[in-house]
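Data block below; observations after.
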Amino acid sequence: MISLYERIALTSLGDYTTFLAIVDEGSLTSAAVRLGRSLQAVSRSLARLEQDLGVELVSRTTRRLRPTTAGLDFAGRIRLALTTIDGAREDLIARDRRLAGTIRIGTSSLFGPEYVSPALSQFLTRNPEVDIELVLSDEHVDLVAEKLDFVVRIGNLPDSNLRVRHLGGLNWAVFASPAYLAAHGRPEHPRELSRHACVLRARDDDRWVFDDDKRRIEVHGRFRSENAAARNAAVASGLGIGLAPLWQVRRLIEQGIVEQILVGHEPPPIPLQIVWVRRGAGVLPRRVRAAMEFLVAQLSALRI
């Protein structure tokens, strides 16, 4: 009689990978598309794995496949092992070759072109066999659904299921056009903003919090927008006082189009971080780790 360990030895690593894809996707068809295999091949792989183990791993219904309790436990344990094996294999092969493959990176629509793209251009120059897909979005996208290797994210991170590499903080700026300040005066303290017109976000922006005054300062204005570029342009045209990350308006300040005010009273810096999905022991493909470390070095050195 063949033992359990002998049955497991007969199973290929590909069958384990296929099983994890089925668990993640919830169907044989989606798993087949993800793996680039035929539906029949995926079905045979699952059947072979269950036969070799002598355990039902997936409960089949007319609408959907659901992992059994044993299947979920097994998936959790082999995922760590396969991730470690993949990382070890890639590192071993990579000793004698250059980085290669595609990396999908996410970031915001304004910060990305200004700071992330130039850094990635340098990385691509040094690694000619790497391709990068940069996904720009101002929403906190689902890294798994969007198949992102990591994202450069601005702001606090509430999701503890993600791994984080802190890069520092981005400074704020309070600013207004010279014409507005000439007509309405220059506030010397955040409390005075309640008497001024302010340019606001479209949602939840009627109070601003400043570093030296933990009370929320109530503000109002006639122009609102969810788009940062539109808000900054409105401030530049004299519609009111704006609050924005300094990197967004640095050029406007340097060109004299707007003036920075309330210096020393700004809100606390905004966290800047690299975020990725927690994968087993944390082993990432070598090209992804290299791109991440390169961005860490480049973005951490910025004084923005």
If the threshold is 4.0 Å, N to carboxylate O, is there a salt bridge linking [X] and [Y]?
X: Asp15; Y: Arg44; answer: no
X: Glu129; Y: Arg287; answer: no
X: Arg186; Y: Glu192; answer: no
X: Arg250; Y: Glu114; answer: no

Under the side-chain hydrogen bond (donor to acceptor under 3.5 Å, both in side chains) rule, what pairs show up with a residue in residues 116-126, not counting sequence neighbours?
->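 Counting only pairs at least two positions apart or across chains, no side-chain hydrogen bond (donor to acceptor under 3.5 Å, both in side chains) contact touches residues 116-126.
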Are the side chain of [X] and the backbone of [Y] linked by a donor-acceptor contact shorter than 3.5 Å?
X: Gln273; Y: Gly155; result: yes
X: Asp206; Y: Glu218; result: no
X: Ser30; Y: Ser27; result: no

With under 30° as parallel and over 60° as perpendicular, where do the rings of Tyr115 and Trp247 fit, or are they tilted in between?
->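 Perpendicular.
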Crowding at CZ, Arg104 (>12 non-hydrogen neighbours, <6.0 Å) |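 Yes - once you tally the heavy atoms of other residues, nucleotides and ligands closer than 6.0 Å, there are more than 12.
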Do Gln248 and Asn232 get their side chains close enough for a donor-acceptor pair, meaning under 3.5 Å?
->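 There is such a pair between these side chains.
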Which is it for His189 and His265 under the ring-ring contact (aromatic ring centres under 6.0 Å, His included) test, yes or no, and what are the steps along the way?
-> CA-CA 8 Å; His189 192 277; His265 295 281; 5.3 Å; yes
Would you kindly confirm whether Leu148 and Val144 end up in one hydrophobic cluster when ILVMFWY residues are joined by side chain heavy atoms under 4.5 Å apart?
->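 Yes, same cluster.
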